[in-house]
Structures are given as structure tokens and as C-alpha cells.
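See below for the structure under consideration.
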Amino acid sequence: MSSSNDTLQATEAYYDGACPLCRREVAVYRNMEGLTNINWVDVSEPERAPQGVSQADALARFHIRRENGDLASGASAFFAIWRRSPRLRWLAIALDQPPLVNLSELAYRVFLRLRPLWRRL
């Protein structure tokens, strides 16, 4: 796992393409300046999970692969994506500070509990 305010950016992102909300968010990111060179991998397709992560774990949380090959998930993964975008970089820097980084991860975990509701829509 990376430390707070890690400057390593995401090169690959693993998302649940079966989740309507996740698909919409990734569609926005794909066209955003600074994010077009990220390899977006839909892990709802068989055998698309990142190496070392089970299919179930890949579907349960957003993951990215950093420039150095390390994996990150949750709030840290979003920060790594946002750092690449001129529009969102400031948000990653602001939230990736104690105690906001911990609050961001907590908010993400709460969202994960609510996410199944969107899958039914």
C-alpha cells in the first residue's frame, strides 16, 4: 500500500462493468483530460482481475495498478486516478492528507455497502 500523498499515478484501472454507476463514472473518466491513456479493465468479464486479486475481490473494490506495478484499491486508487487529471488533481492532493485520507476510505466503504442498491436499477 502507498503512503499518504503518494505521487505515483495509475496506469491501469479495474472496475466492475456490471455496476451501472461504476460504468457511468468510468465513461466520464475515459474522456477526461489526463485519463485517456489509462487502460480501463472491466473485471465483470471472466479472468480480467489483476494478478494476485481474486475475481470476487476485484468486483468488490475499485483497484488500480500504479506506474511502479503496485496495486492500490479504494480511496487510494481514486486518488491515483485523480492525480492524472488536471481537473481533479487538486482534489487528490487535498483528500490524501491525514485525517482526510482515512475519512475518504471510510466514505468509500460506506458507499460499497450501498452500491448493491444501484445494481438493481
Side-chain angles (χ1 to χ4, degrees):
M1 237 3 129
S2 66
S3 63
S4 183
N5 252 334
D6 188 345
T7 58
L8 291 174
Q9 298 175 350
T11 59
E12 197 161 51
Y14 304 90
Y15 70 99
D16 180 359
C19 167
L21 183 63
C22 304
R23 265 195 326 268
R24 283 191 293 269
E25 183 176 10
V26 167
V28 170
Y29 287 155
R30 282 180 191 261
N31 296 312
M32 196 175 283
E33 182 184 355
L35 305 183
T36 57
N37 290 331
I38 291 176
N39 182 28
W40 298 94
V41 180
D42 178 356
V43 296
S44 68
E45 297 177 16
E47 300 187 30
R48 299 291 307 250
Q51 187 174 2
V53 178
S54 72
Q55 180 78 12
D57 288 344
L59 288 167
R61 285 177 65 88
F62 182 66
H63 290 76
I64 59 95
R65 184 164 310 282
R66 296 179 183 281
E67 295 168 315
N68 66 356
D70 290 346
L71 285 173
S73 69
S76 294
F78 283 100
F79 298 158
I81 294 286
W82 297 348
R83 271 189 198 86
R84 291 188 64 143
S85 166
R87 260 177 68 194
L88 298 174
R89 186 174 299 124
W90 68 271
L91 186 58
I93 292 167
L95 292 177
D96 199 5
Q97 304 281 338
L100 295 178
V101 65
N102 296 331
L103 291 172
S104 297
E105 179 62 27
L106 179 62
Y108 181 67
R109 289 178 186 204
V110 169
F111 162 76
L112 290 177
R113 291 184 154 278
L114 300 174
R115 187 172 76 125
L117 300 174
W118 279 286
R119 290 186 74 116
R120 295 182 196 149
L121 300 177

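Remember, predicted model here, so these are calculated numbers, not experimental data.
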Side chain to side chain contact (heavy atoms under 4.5 Å, CB included) evaluation trace for R115 with D16: CA-CA 11 Å; R115 187 172 76 125; D16 180 359; 3.4 Å; yes
CZ-CG distance between R109 and L114, expressed to the nearest 0.5 angstrom: 14.5 Å
Any donor-acceptor N/O pair, E105 side chain to A75 backbone, under 3.5 Å: yes
Any side-chain donor near an acceptor of the partner, R61 and S73, under 3.5 Å: yes
Whether D96 side chain and V101 backbone form a donor-acceptor pair below 3.5 Å: no
Pairwise side-chain contact, P20 with R23, heavy-atom cut-off 4.5 Å (strictly under): yes
Steps toward side chain to side chain contact (heavy atoms under 4.5 Å, CB included) verdict (Y15, D42): CA-CA 5 Å; Y15 70 99; D42 178 356; 3.8 Å; yes
Close side-chain approach of N31 and T36, heavy atoms under 4.5 Å: no
T11 and I38, any side-chain heavy atoms less than 4.5 Å apart: no
Test of ring centre spacing under 6.0 Å for Y14 and F62: no
Main-chain N/O of L100 paired to S104 side chain as donor or acceptor, under 3.5 Å: yes
Shortest non-hydrogen separation from A58 to A49 and the atoms involved: CB-CB, 3.7 Å
Intermediate values then yes/no, side chain to side chain contact (heavy atoms under 4.5 Å, CB included), W82 and L95: CA-CA 11 Å; W82 297 348; L95 292 177; 3.9 Å; yes
Pair L21-R24, side chain to side chain contact (heavy atoms under 4.5 Å, CB included): steps then yes or no: CA-CA 5 Å; L21 183 63; R24 283 191 293 269; 4.2 Å; yes
Interatomic spacing from OG in S76 to OH in Y108 - rounded to 0.5 Å: 11.0 Å
Separation between CD1 of I81 and CE of M32, rounded to the nearest 0.5 Å: 10.5 Å
Exam field: side chain R65 to backbone G69, donor-acceptor pair closer than 3.5 Å: yes
Plane angle bin for W40 and Y29 - parallel if under 30°, tilted between 30 and 60°, otherwise perpendicular: parallel
Q9 backbone acceptor or donor facing R83 side chain under 3.5 Å: no
Any donor-acceptor N/O pair, N102 side chain to P98 backbone, under 3.5 Å: no
Donor-acceptor contact below 3.5 Å, side chain Q55 vs main chain V43: yes
Note, I64 side chain near E12 side chain (heavy atom, < 4.5 Å): no
Sub-4.5 Å side-chain heavy-atom contact between L35 and R30: no
Sidechain-backbone polar pair: R84 side chain, A10 backbone, donor-acceptor under 3.5 Å: yes
Linked, directly or transitively: F78 and L106 (ILVMFWY side chains, under 4.5 Å): no
